[in-house]
Amino acid sequence: MTQTLAVLVPRIRAAGAVGDRGAIPARRPKTPLSVIGVPLASFAVALLAWYAVTYLVLEPQRRFLLPAPHRVLTLSLLDSAHLMPMLEALAVTARVTAIGFVIAVLFGVTVGVLMNQARWIERAVYPYAVALQVIPILAIVPLIGLWFGYGMVARTIVCVMIAAFPIITNTHFGLRSVDRGLHELFTLGRANRWERLTKLELRAALPSILTGIRTAAGLVVVGAIIGDMFFAKGEPGIGTLLDVYRSRLQSEDLIAAIAIASAFGIAVFSLFGILSRALVGRWHASGSDS
């Protein structure tokens, strides 16, 4: 049995693969202009539009609603008295994000695997997973607060609720999409259910699972910030500061905090994009650079 599987397992990489390297269409080499120039040009256009709205659209007495970029930079981001509270709050949000993300990955992959193992589990669980996704999270935030309090536990639950669905669906889709021929080969090799799951299905479904995890990595940051805004008990997160700055009309600090939160979300999403390419490699289309 072991020898048979040793022959079969290498063929798993063919499931969802793009073929051998020679079959991949040739890509134009990336130039410094396309890698750096285009994003910088886009950023410059956005800054010009920002200045235009501040000085050409808004009246002088209303420019506090959208202060110019240089004011956000000098009065907030470059002022340690304003920047340090934001970074400390971001550390709290990052901690909640990490905990919620780990729980969401473990929960989502487990549920996706269980749904693939038995149809009755899929029929029993999937409607609740869909309901969890379509119900606006803001509608059930008060209920979460009543049940679990207004501290870190409630914030973590919001993260898990927002991030779990794409992991569940992508895991289930990847496991259901394994090549039927490979399943027949494992049947000929008399593989049991555990061997089929660990040596065939999970490996072949890895690109799909990583896509779900990557999507969840962006959503979990959104969940952490929403949790900060509604569950302010305990250490303040970046979402808590956003709410405070909004109520006090501290526009420079509000925009700076939004920029910091956005940079954090982009960094988390990009990190898992790099991880996905590293794990999948070149044997699947999702592992190649776009």
Side-chain angles (χ1 to χ4, degrees), residues 84-115 125-172 209-247 254 257-276:
M84 289 308 298
M86 298 183 197
L87 296 181
E88 293 172 358
L90 182 65
V92 175
T93 301
R95 186 166 68 248
V96 174
T97 298
I99 297 173
F101 182 73
V102 170
I103 296 174
V105 170
L106 295 176
F107 176 77
V109 173
T110 301
V111 172
V113 169
L114 291 176
M115 289 169 56
V125 173
Y126 195 70
Y128 294 100
V130 174
L132 193 67
Q133 178 68 13
V134 299
I135 296 177
I137 190 66
L138 297 182
I140 58 177
V141 159
L143 191 61
I144 296 174
L146 289 175
W147 287 353
F148 302 99
Y150 294 86
M152 291 296 181
V153 174
R155 300 184 197 182
T156 304
I157 291 173
V158 172
C159 291
V160 174
M161 292 181 65
I162 290 181
F165 183 77
I167 302 175
I168 294 173
T169 53
N170 278 272
T171 300
H172 184 245
I209 295 173
L210 290 175
T211 299
I213 291 176
R214 185 181 182 185
T215 304
L219 295 176
V220 74
V221 177
V222 177
I225 294 175
I226 292 175
D228 289 340
M229 297 180 73
F230 285 90
F231 305 119
K233 186 177 180 180
E235 297 179 273
I238 194 71
T240 309
L241 293 189
L242 288 173
D243 198 39
V244 170
Y245 296 150
R246 175 198 58 80
S247 63
L254 177 61
I258 292 173
I260 291 174
S262 301
F264 174 63
I266 293 172
V268 172
F269 184 82
S270 301
L271 173 64
F272 282 93
I274 296 172
L275 179 63
S276 175

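The structure displayed is predicted, hence computed values, not measured ones. Scope of the values below: all heavy atoms of this structure, side chains included, with no hydrogens, waters or symmetry mates.
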- Message: Could you measure the distance from the CZ atom of Arg95 to the CD atom of Glu235? Nearest 0.5 Å is fine.
- Response: 4.5 Å

- Note on the structure: Taking every heavy atom of Gly239 against every heavy atom of Thr93, the minimum-distance pair comes out as N-OG1, 4.4 Å

- Dump the intermediate steps for side chain to side chain contact (heavy atoms under 4.5 Å, CB included) on Leu138 and Phe230, then the final yes or no. CA-CA 9 Å; Leu138 297 182; Phe230 285 90; 3.4 Å; yes

- Task: Locate the shortest heavy-atom distance separating Cys159 from Val96; write the atom from each residue and the value.
- Result: SG-CG1, 3.9 Å

- Are Val125 and His172 side-chain neighbours, meaning at least one heavy-atom pair lies under 4.5 Å? no

- Nearest heavy-atom contact between Val158 and Phe231 is CG2-CE1, 3.6 Å

- Test log, rule side chain to side chain contact (heavy atoms under 4.5 Å, CB included), inputs Ile213 and Phe101: CA-CA 9 Å; Ile213 291 176; Phe101 182 73; 3.4 Å; yes

- Task: Report, as yes or no, whether the 6.0 Å neighbourhood of atom OH on Tyr126 holds more than 12 heavy atoms from other residues, nucleotides or ligands.
- Result: no

- Query: Could you give the distance from CG (Asp228) to CD1 (Ile238), rounded to the nearest 0.5 Å?
  - Reply: 8.0 Å

- Task: For Ile157, enumerate each residue passing the side-chain contact (heavy atoms from CB on, under 4.5 Å) test, keeping only those at least two apart in sequence or located in another chain.
- Result: Ile144, Phe148, Val153, Met161

- Hey, is the main chain of Ile168 close enough, under 3.5 Å, to the side chain of Thr171 for a donor-acceptor pair? no

- So CE of Met115 and OG1 of Thr169: to nearest 0.5 Å the spacing works out to 8.5 Å

- Taking all non-hydrogen atoms of both residues into account, name the closest pair between Phe269 and Gly218 and its distance. CD1-N, 4.3 Å

- How many angstroms lie between atom CG of Leu254 and atom CG of Leu242, to the nearest 0.5 angstrom? 6.0 Å

- Would Ile226 and Ile137 count as a side chain to side chain contact (heavy atoms under 4.5 Å, CB included) if you check the C-alpha gap in whole Å, the side-chain angles of each, and the deciding distance to 0.1 Å? CA-CA 9 Å; Ile226 292 175; Ile137 190 66; 4.2 Å; yes

- Message: Main chain of Phe107, side chain of Thr110: is a donor-acceptor contact present, judged purely on distance under 3.5 Å?
- Response: no

- Message: Just to verify, what does Thr156 make a side-chain hydrogen bond (donor to acceptor under 3.5 Å, both in side chains) with, not counting sequence neighbours?
- Response: none

- Task: Scan Thr97, Val160, Ile103 and name whichever one has a side-chain contact (heavy atoms from CB on, under 4.5 Å) with Val220.
- Result: Thr97

- Item | Minimum heavy-atom distance between Ala163 and Ala216, given as atom pair plus value | O-CB, 3.3 Å

- If you take all heavy atoms of Tyr150 and Pro142, which pair is closest and at what distance? OH-O, 4.3 Å

- Query: In Å and rounded to the nearest 0.5 Å, what is the CG to CD1 distance from Leu132 to Ile162?
  - Reply: 9.5 Å

- Any chance you could measure Ser270, atom OG, to Leu275, atom CG, to the nearest 0.5 Å? 12.5 Å

- Message: Applying salt bridge (Lys or Arg N to Asp or Glu O under 4.0 Å) as the test, list every pair that has at least one member in residues 142-151; sequence neighbours left out.
- Response: none

